[in-house]
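Remarks on the structure that follows.
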Amino acid sequence: MSDVSELPSKEANLLKGHEGGVLAARFNGDGNYCLSCGKDRTIRLWNPHRGIHIKTYKSHGREVRDVHVTQDNSKLVSCGGDRQVFYWDVATGRVIRKFRGHGSEVNAVKFNEYASVVVSAGYDQSLRAWDCRSHSTEPIQIIDTFSDSVMSVCLTKTEIIAGSVDGTVRTFDIRIGREISDNLGHPVNCISMSNDGNCILASCLDSTLRLLDRTTGELLQEYKGHICKSYKLDCCLTNTDAHVAGGSEDGYIYFWDLVDASVLSRFRAHSSVVTSVSYHPTDNCMISASVDGTIKVWKT
């Protein structure tokens, strides 16, 4: 049984500044900074450990749904309701390029590990890959085998993995052009990968998180207790892969034991839906974001 005291549940900082709901908050690669985005059409850069707002990025015409930063912290990518994917210079706050082509809202974006390619997931039932180094605004690849909105995407060195409202988690091997589809039978609104790369955690709209073996697609475990019926809610594993964390539509954050799926900790984190959770890469620290407009930093 895991020690619950090592799980972050004490509010260490409150990050305020967004006007309206925060739709995502993410640590950067080393965990020293975090980025958030939301209904107010802005992206914000913070030092969460000192509770300081550093910079605001404004250019989107509608709500910003997702944001990701490169490992070297020099570039970021964002997407949202204006159907565009924006590629930014972090230091200057300038938009380097706008990738257009999605026919509807864009739900999620990720850089590959070399920061040369961005993959976006759209409400138009497609994944699109964009070359950051080329000046072409056309995607280098379009994957449109989904039968409903694509909500979430993860990348490995050789694969694109995505979760869709059509109930599937699909893995595309870029080298050999092979697709593997695992049908979970319920709309998937978020996926995240374990730190060891062996598992995929999928949040489904039947208020269940499902853990899948990444190579076989086998369902390893299910995590319940939270409410997830109508919102896109993030889920993640802690940095040791020992626990699963997720938000709930009633403002709670849940921690489960990875192996036996017991609820180890649950606490009221926000006054409204917890849209996002992001775990620090090395420390016992987590950030959460909410429709209530706040981002909170949690420590042990």
Side-chain angles (χ1 to χ4, degrees), residues 23-24 26 35 37 41 43 57 59-71 74-90 94-182 187-193 200 202-203 232 234 276:
L23 299 177
R26 316 252 177 262
L35 283 151
C37 58
R41 309 175 179 187
I43 298 150
Y57 301 84
S59 193
H60 276 282
R62 297 270 305 276
E63 85 281 356
V64 188
R65 296 188 177 186
D66 197 14
V67 61
H68 191 212
V69 65
T70 56
Q71 281 293 334
S74 69
K75 306 287 188 298
L76 67 89
V77 64
S78 60
C79 68
D82 57 13
R83 308 179 174 195
Q84 302 184 76
V85 175
F86 284 27
Y87 177 55
W88 306 74
D89 183 272
V90 170
R94 199 171 55 83
V95 176
I96 302 165
R97 203 157 303 127
K98 296 179 182 178
F99 299 120
R100 298 185 179 93
H102 275 289
S104 197
E105 295 94 336
V106 188
N107 295 316
V109 281
K110 282 277 189 340
F111 282 108
N112 68 345
E113 84 175 297
Y114 311 109
S116 56
V117 172
V118 166
V119 178
S120 54
Y123 195 79
D124 62 5
Q125 310 185 7
S126 79
L127 286 169
R128 288 166 195 255
W130 315 87
D131 186 348
C132 297
R133 294 169 303 192
S134 133
H135 287 282
S136 162
T137 53
E138 294 296 304
I140 50 176
Q141 190 172 12
I142 300 174
I143 298 169
D144 53 8
T145 51
F146 299 90
S147 58
D148 208 328
S149 179
V150 192
M151 296 303 291
S152 185
V153 62
C154 292
L155 305 179
T156 69
K157 280 191 172 77
T158 58
E159 292 157 321
I160 301 171
I161 306 157
S164 168
V165 175
D166 69 13
T168 64
V169 173
R170 301 185 195 213
T171 303
F172 305 90
D173 190 311
I174 306 155
R175 292 168 308 178
I176 59 175
R178 182 187 59 181
E179 173 186 335
I180 299 167
S181 178
D182 297 308
V188 178
N189 65 2
C190 174
I191 59 166
S192 63
M193 204 176 327
I200 291 283
S203 165
K232 176 174 180 174
D234 277 348
S276 198

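A search for salt bridge (Lys or Arg N to Asp or Glu O under 4.0 Å) contacts involving Glu63 returns Arg65, not counting sequence neighbours. Partners of Gln125 under the side-chain hydrogen bond (donor to acceptor under 3.5 Å, both in side chains) rule, at least two apart in sequence or in another chain, do not exist in this structure. Take Arg175 and apply the salt bridge (Lys or Arg N to Asp or Glu O under 4.0 Å) test, not counting sequence neighbours, and it matches Asp173. Take Arg26 and apply the side-chain hydrogen bond (donor to acceptor under 3.5 Å, both in side chains) test, not counting sequence neighbours, and it matches Asp66, Asp234, Ser276. Not counting sequence neighbours, the partners of Asp82 by the side-chain hydrogen bond (donor to acceptor under 3.5 Å, both in side chains) test are His60. Considering only residues two or more places apart in sequence or on other chains, Tyr123 meets the ring pair (Phe, Tyr, Trp, His ring centres under 6.0 Å) condition with none of them. Every side-chain hydrogen bond (donor to acceptor under 3.5 Å, both in side chains) that Asn189 has, sequence neighbours left out, goes to Ser203.
The distance from atom CD1 of Ile160 to atom CZ of Arg170, rounded to the nearest 0.5 Å, is 13.5 Å. Taking CZ of Arg83 as the start and OG of Ser104 as the end, the distance is 5.0 Å to the nearest 0.5 Å. Rounding to the nearest 0.5 angstrom, the gap separating the CD1 atom in Ile174 from the OG1 atom in Thr158 is 6.5 Å. The distance from the OG1 atom of Thr171 to the CD1 atom of Ile200 is 6.5 Å, given to the nearest 0.5 Å.
Using a 4.5 Å cut-off on side-chain heavy atoms (C-beta onward), Val85 and Val77 make contact. Val95 is not listed as a side-chain neighbour of Tyr57, based on a closest heavy-atom distance of 4.5 Å or more.
The two residues Ser120 and His102 make their nearest non-hydrogen contact at OG-NE2, 2.7 Å. Summarising the geometry of Arg133 relative to Asp131, their closest heavy-atom pair is N-OD1, 2.9 Å, with the distance given to 0.1 Å. For the pair Ser152 and Ala121, the tightest heavy-atom approach, listed with the atom from each and the gap, is N-CB, 4.3 Å. Nearest heavy-atom pair across Ile96 and Asp89 is CD1-N, 3.6 Å. Scanning both residues, Ile43 and Cys37, for their nearest heavy atoms gives CG1-CB, 4.1 Å. When all heavy atoms of Val150 and Leu127 are compared, the pair lying nearest together is CG1-CD2, 3.9 Å.
For the ring pair (Phe, Tyr, Trp, His ring centres under 6.0 Å) with Trp130, the qualifying choice from Phe111, Phe99, Tyr87 is Phe99, the only one to do so.
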Go through the steps to decide whether Phe86 and Ser59 satisfy the test side-chain contact (heavy atoms from CB on, under 4.5 Å), and finish with yes or no. CA-CA 9 Å; Phe86 284 27; Ser59 193; 3.4 Å; yes
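Between the side chain of Arg41 and the main chain of Gly61, a donor-acceptor pair closer than 3.5 Å is present. A donor-acceptor pair under 3.5 Å is formed between the side chain of Thr70 and the backbone N or O of Lys75.
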Side-chain donor-acceptor distances from residues 138-149 under 3.5 Å, at least two apart:
| unit_1 | atom_1 | unit_2 | atom_2 | d |
| --- | --- | --- | --- | --- |
| Thr145 | OG1 | Glu179 | OE1 | 3.1 |
| Ser147 | OG | Asp166 | OD2 | 3.4 |
| Ser149 | OG | Asn107 | ND2 | 3.0 |

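Residue pairs meeting the salt bridge (charged side-chain N to carboxylate O under 4.0 Å, His left out) criterion with at least one member in residues 94-118, sequence neighbours excluded: Glu113-Lys157.
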